[in-house]
Undergrad: 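Got a structure for you, questions after.
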Amino acid sequence: MLVKAILICLLVFILFNLFRALPVLLKGDSSVPLSRYLGRRVLFSVVVFVLLLIALSMGWIAPNPRPY
């Protein structure tokens, strides 16, 4: 259950960084570069992917056995 909560928090943080990058992208000029927010989003996406792989291999979460 804790792993699922951590994954959800990380996904919310990824969305937060995506929406923080939107005004910088639309305005064009800002003191904070666009790559800062997008780089964080990519970094945390990799963290989520690795955490999913670890949780699956350790048996903390179970995939859907047959989706059809």
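If you read the sequence from its start, that first residue is 1, and numbering goes on from there. Keep in mind that what you see is a predicted model, and the values were worked out from it rather than measured.
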Undergrad: Just verifying a value: how many Å separate Phe44 CZ and Ile14 CD1, rounded to the nearest 0.5 Å?
TA: 8.0 Å
Undergrad: Report yes or no: do Val47 and Leu18 belong to one cluster of Ile/Leu/Val/Met/Phe/Trp/Tyr joined by side chain heavy-atom distances under 4.5 Å?
TA: no
Undergrad: Tell me whether Ile6 is reachable from Phe49 by hopping between hydrophobic residues (I, L, V, M, F, W, Y) whose side-chain heavy atoms are closer than 4.5 Å.
TA: no
Undergrad: Is there any side chain to side chain donor-acceptor pair (under 3.5 Å) pair reaching into residues 37-66, and which pairs are they, with sequence neighbours excluded?
TA: Arg20-Tyr37, Arg66-Tyr68
Undergrad: Hey, quick one: are Leu11 and Val50 part of the same hydrophobic cluster, counting side-chain heavy atoms closer than 4.5 Å, chains of contacts allowed?
TA: yes
Undergrad: Is there a path of hydrophobic side-chain contacts, each under 4.5 Å between heavy atoms, that joins Leu2 and Phe13?
TA: yes
Undergrad: Between Ala55 and Val3, what is the shortest heavy-atom contact and its length?
TA: CB-CG1, 3.8 Å
Undergrad: Heavy-atom distance under 4.5 Å between the side chains of Ile61 and Leu52, does that happen here?
TA: yes
Undergrad: Say you draw a straight line from CG of Leu38 to CG of Leu43; how long is it, rounded to the nearest 0.5 Å?
TA: 12.5 Å
Undergrad: Should Phe16 and Val42 be regarded as members of a common hydrophobic cluster, given that ILVMFWY residues are connected when their side-chain heavy atoms come within less than 4.5 Å of each other, either directly or indirectly?
TA: no
